Amino acid sequence: MAQSSSTLFTNANVFLSGVSPGTNAGLNRPPTFASSLLIQNDRITFVGPSSAPEVTAALSDPNTTVHDLHSKTLLPGFVDGHMHLMMMGQSLNKLDLGACKTLSDIQSAISAHAKANPNAPRLLARGWMHSMTPSGVTATDLDGLDIPGSDRPVLIDTKDLHSTWCNTAGLIELGADAWPDVPGGIIERDANGKPTGMFSEAANIMYVWPHLAQVASMEERVAAIRSAVEVYHQEGYTGLIDMAMDEGAWEALQAYRAAGGEIPMRIAAYWLVKPGKTTEENVAQVERAIELAKLYNAETTPDCRIVGVKVICDGIIDACTAGLTQPYAHNDHLEVPLWTHEQLEPVVKRANEAGLQIALHAIGDATIKMVIDILEKFASVEKRPRVEHIELASEEDAARLGKGKITASIQPVHADPAILRAWPRLLGGHRCERAFAYREFSDHGAPLALGSDAPTAPHSPLGNVYVGTTRRSYREPAYETTVNPHFALGLCESVAAGTEGAAYSCFDDHRIGVLKAGHKADFVIVDMEWEKEKLMQAKVVETWYDGAKVFSAE
């Protein structure tokens, strides 16, 4: 029988986390490194000093392949704790409006995109922010931008994916005139009740998302997933958590697996429960997640599984749809949450009874309080319940996260100062002082899981860590404003939260997220200096998944 070959990495800075989930590592905890890592097939067999007998034996074995890393850093493969896989892949082919500042900029970009893509059936764009169009938008703002003789649908995602803006042709293709209002949804209408071209929150989720999924062929959906995985390898990811899985994306994942075997990415998915008109409709969606989890789980398909359910309980600050305890400062409105306490309770209760994890999107302070109340009452601590985003938490609720060992699933790239310029006007300066209170979450003992929320934000894990540790802008590095730097995280705890913490958050920490013997050989080689201010200069050199190189910068 042929001897299995080994691969040895020497002269490396192998990061040894030492920051287990729920550990308050603080701002200044120094890193601990080993100098060598040995793998055999898909497993790590040794991590430690180069003088160890395991390294000596490997060096003397002719079957060992040796890589001298010349003092480069070797990190666990990053796990994106919150993203949207198929949407991420699809976004790669959408026009990016992120550099636009005004409506005129957007119109010019759409016109140029139309000329460059004369055969596209529709014009799709992303990255629009409400602050670019402070006077509001309608379908007519996007009419007449196509090439002469064409009038294709134009559909634009907001940066956060909570809203879609379309032109008149888009309204016709969507069939929006026939859409009734839905709980927690916003269909902007004129005085006659006709849609004007803007759909937000539940209306976007219930109507626009399914339409775009339906018009995409299975081939296009699979290609989108494949593209997203390739792009994620380039950034050092070996795992991800899809936070809005639905039938269309799940079918595409299974088609991908059926056609080409396993996907080279560890995928944990949370089934999106959309707001229905009755409790029965809501619980039926939980039952579907339970059914799928029995078939696709850690024992049957560990790298493509259903972990739990996800509920989007409120909107976002920028669209003034997040649930706040006090009205918005600029208009004195107090928005109705997407889910009420009474609607959410039976969903959480049934999911917990079935052994599913529970992930609740909560951005505003009122919604954060509501979901923690419900998790404390109905969610078992051992099921590792989690709250997504947590952008405007009270001091009391920050402490409750830690007390209840509720995972704080955070996306530092959303705390980028460059995209928060409108917040003081919307919230008032006093409430902005509570924004993104990550330091308090960690200090109180809440497990941290870092995610990007891609494609709503840049997906670079090191960029994510940069914002989390410096509270400066990754999008606009020259922008010197910081956002609540007293809530910053330490570098060690941030990297750990993007690896071990994210793995812990979906019950995968027993095999990934930490570089130690027995774990999967998932890691990334980075040319970097271990200083938060220099993370912008860090370069991913190689990404390894299951003991095989899946990306090389060379």
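What you are looking at is a predicted structure, and each value in this text was computed from that prediction instead of being measured.
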Can you check whether Arg152's main-chain N or O pairs, donor with acceptor, with Ser150's side chain at less than 3.5 Å?
no
Is it the case that more than 12 heavy atoms not belonging to Glu219 sit under 6.0 Å from its CD atom?
no
Close side-chain approach of Val307 and Leu356, heavy atoms under 4.5 Å
no
Side chains of Thr138 and Thr140: do they bring a donor and an acceptor to under 3.5 Å?
yes
May I ask you to check whether Trp544 and Phe551 place their ring centers less than 6.0 Å from one another?
no
Can you list, pair by pair, the side-chain donor-acceptor contacts under 3.5 Å of residues 116-123, counting residues two or more places apart and other chains?
from: Asn117; atom 1: ND2; to: His113; atom 2: O; distance (Å): 3.0
from: Asn117; atom 1: ND2; to: His113; atom 2: ND1; distance (Å): 3.2
from: Arg122; atom 1: NE; to: Glu173; atom 2: OE1; distance (Å): 3.2
from: Arg122; atom 1: NE; to: Glu173; atom 2: OE2; distance (Å): 3.3
from: Arg122; atom 1: NH2; to: Glu173; atom 2: OE2; distance (Å): 2.9

What do the steps show when you test Trp165 against Phe199 for ring pair (Phe, Tyr, Trp, His ring centres under 6.0 Å), and what is the final call?
CA-CA 7 Å; Trp165 167 27; Phe199 310 97; over 10 Å; no
Considering only heavy atoms from C-beta outward, does the side chain of Asn484 approach that of Phe436 to under 4.5 Å?
no
Residues Trp339 and Thr367: side-chain donor-acceptor under 3.5 angstrom:
no
Using the salt bridge (charged side-chain N to carboxylate O under 4.0 Å, His left out) definition, which of the options Asp80, Asp303, Asp508 pairs with Arg266?
Asp303
Can you confirm whether the side chains of His130 and Asp318 place a donor and an acceptor under 3.5 Å from each other?
no
For the rings on His459 and His84, is their centre-to-centre separation under 6.0 Å?
no
Pairing of Lys539 and Asp527 as salt bridge, 4.0 angstrom limit:
no
Check whether any side-chain N or O of Asn464 sits under 3.5 Å from a backbone N or O of Gly451 as a donor-acceptor pair, and report yes or no.
yes
Distance in Å, Thr543 OG1 paired with Gln234 CD, rounded so as to fall on 0.5 Å steps:
8.5 Å
Could you tell me whether the side chains of Arg472 and Thr482 share a donor-acceptor contact shorter than 3.5 Å?
no
Do Ile410 and Leu450 have side chains that get closer than 4.5 Å, going by heavy atoms?
yes
Any sub-3.5 Å donor-acceptor pair from Arg126's side-chain atoms to Ser91's backbone N or O?
yes
Without hydrogens or angle criteria, can the side chains of Asp105 and Ser108 be said to hold a donor-acceptor pair below 3.5 Å?
no
Pair Tyr296 and Trp250, ring centroids less than 6.0 Å apart:
yes
Side-chain heavy atoms of Asn204 within contact of Trp209, under 4.5 Å:
yes
Given Cys313, which of Leu360, Ile368, Leu338 fulfils the side chain to side chain contact (heavy atoms under 4.5 Å, CB included) condition?
Leu360
